[in-house]
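Atoms within a ligand are numbered from 1 in the order they appear, just like the ligands themselves. The figures here come from the full heavy-atom set of this structure, side chains too, leaving out hydrogens, waters and symmetry mates.
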Amino acid sequence: MLLAAPRGYCAGVDRAVVAVEKALERYGSPVYVRKQIVHNVHVVKRLEEQGAVFVDEVDEVPTGSHVVFSAHGVAPAVVRAAADRGLQAIDATCPLVTKVHREAVRFARDDRHILLIGHHGHEEVEGTMGEAPERTTLVGSPEEADTVEVADPDNLVWLSQTTLSVDETMETVRRLRTRFPNLADPPSDDICYATQNRQVAVKKIARDADVVLVVGSANSSNSVRLVEVALDGGARASYRIDDASELDPAWLEGASTVGVTSGASVPERLVRDLLAVLAEHGYGTVEEVRTAEEDLVFSLPRELRRDASGNRDPRALGGRS
Ligand code: 2E6
Ligand code: F3S
């Protein structure tokens with residue numbers, strides 16, 4: 001068994017989950033959360049059991065209540081709607097998503113047109129596009145790069161969703177640039193460190209694994225990308241599962257080496273459970289294959305940095321540990 005590292009929780013997911021827990025501790029149940037705090041059914045279920053109430057839109061939240069915005073970010077219109085309703089908002093948007101929002105605002109102010117590479121309908125994309133809807137066009141795939149229409153081809157800059165496949169995004173940019181040679185690059189990577197690190201690690205195990213199992217939920221972009229990267233990287237087969245109960249023993253037939261990884265929104269206990277089941281199937285020797293060390297910790301959302309008596313929370317500062 002080859003176990004990819006890094007895998008599982010990133011700094012932004014950890015911060016968002018802790019934010020909901022702290023809000024529950026401080027304000028009591030219910031604390032409302034707009035959309036899934038992160039895209040994982042088990043995380044959402046556990047927080048529900050602790051008293052969180054997940055809603056689709058802020059108009060479902062009773063006036064005056066606390067509402068947490070998910071790690072994927074929100075459009076400015078959502079922030080305004082929450083304020084208009086008198087809600088106490090706690091913004092758990094990952095700081096690396098906020099960085100992309102800021103880039104979008106800046107380019108729109110400079111009268112540039114943004115080609116945002118990302119998936120149609122994904123919450124992060126909806127939030128980022130909401131910063132400058134008139135000045136942003138979504139490019140959903142390399143194929144869409146071949147057909148997207150723009151008004152001024154010499155005034156373009158590209159940005160991206162944080163959880164895309166690095167290789168596929170580079171292909172999209174390559175195709176865009178053949179049509180728009182003056183397309184400008186973003187000031188820094190938008191695909192986040194966690195997404196990149198998990199893809200490098202899964203690629204490494206995929207070379208030597210017959211089957212790669214990815215723990216993660218169906219709507220988790222970064223988890224689904226890991227299956228694609230494993231297949232591109234040479235795995236004979238790769239499957240996404242929410243937990244060990246979804247493992248189909250038929251997938252293991254004839255496999256001498258099984259690889260395992262997990263998405264950035266996946267608690268490690270789900271991986272441990274899967275390892276226990278794999279051991280029962282004869283894959284009990286585990287080799288961890290590590291391609292990067294991660295030590296990033298983000299400070300809590302501003303609204304939670306002080307405890308109820310006004311003292312600084314130990315997580316207030318964050319930074320590298
Ligand atoms: C926020 C932004 C990016 O579907 P996606 O991969 O974006 O989301 P999660 O919740 O599975 O992963 C963490 C995350 C949160 N990634
Ligand atoms: Fe943030 Fe990347 Fe995680 S954008 S929430 S660090 S997957």
Thr163 and Arg225, any side-chain heavy atoms less than 4.5 Å apart: no

Would you name the heavy atoms of Val55 and Glu60 that are closest together and state the gap between them? CB-OE1, 3.6 Å

Flag if over 12 foreign heavy atoms under 6.0 Å of CZ, Arg102: no

Would you say the side chain of Pro187 lies within less than 4.5 Å of the side chain of Arg106, judging by non-hydrogen atoms? yes

Protein N/O/S atoms closer than 2.8 Å to atom 3 (Fe) of ligand 2, ordered by chain and number, come to Cys10 SG

So is His39 polar-close to ligand 1, meaning N/O to N/O under 3.5 Å? yes

Show the atoms of ligand 1 that are less than 4.0 angstrom away from any heavy atom in Glu124. 2 (C), 3 (C)

So which protein heavy atom does atom 5 (P) of ligand 1 come closest to, and at what separation? Ser221 N, 3.4 Å

Heavy-atom contacts under 4.0 Å between Ser220 and ligand 1: side chain, backbone, both, or neither? both

Provide the number and element of each atom of ligand 1 under 4.0 Å from a heavy atom of Val97. 2 (C)

Would His122 count as a polar contact of ligand 1, with the cut-off being nitrogen or oxygen pairs under 3.5 Å? yes

Same cluster for Val105 and Ile114 if Ile/Leu/Val/Met/Phe/Trp/Tyr side chains link at under 4.5 Å? no

Indicate, with yes or no, if Leu231 and Val166 share a hydrophobic cluster defined by side-chain heavy-atom contacts under 4.5 Å among Ile, Leu, Val, Met, Phe, Trp and Tyr. no

Which atom pair, heavy atoms only, marks the closest approach of Leu116 to Met129? CD2-CG, 3.6 Å

Of all heavy-atom pairs between Asn222 and Gly263, which one has the smallest distance, and what is that distance? OD1-CA, 3.3 Å

Lys204, NZ atom: more than 12 neighbouring heavy atoms under 6.0 Å: no

Using a strict cut-off of less than 4.0 Å between a Lys/Arg side-chain nitrogen and an Asp/Glu carboxylate oxygen, indicate whether Arg46 and Glu21 qualify as a salt bridge. no

If you count the atoms of ligand 1 from 1 in the order shown, which ones are under 4.0 Å from a heavy atom of Ser265? 9 (P), 10 (O), 11 (O), 12 (O)

Using a strict threshold of under 4.0 Å (side-chain N to carboxylate O), is an ion pair present between Asp110 and Arg135? no

When distances are taken from atom 16 (N) of ligand 1, the protein heavy atom at minimum range is Thr163 CG2, 3.4 Å

Geometry only, no angles: is His72 polar-contacting ligand 1 at N/O separations under 3.5 Å? yes

Has Asn219 got any heavy atom lying under 4.0 angstrom from an atom of ligand 1? yes

In ligand 1, the atoms that come under 4.0 Å of a heavy atom of Val38 are 10 (O)

Any N or O of Thr162 closer than 3.5 Å to N or O of ligand 1: no

Nearest protein heavy-atom contact for atom 13 (C) of ligand 1: which residue, which atom, what distance? Val13 CG2, 3.4 Å

Can you tell me the protein heavy atom closest to atom 12 (O) of ligand 1 and the distance? Asn222 ND2, 3.0 Å

If you count the non-hydrogen atoms of other residues, nucleotides and ligands that lie under 6.0 Å from NZ in Lys203, is the total more than 12? no

Answer yes or no: is there a side-chain heavy-atom contact under 4.5 Å between Val260 and Tyr283? no

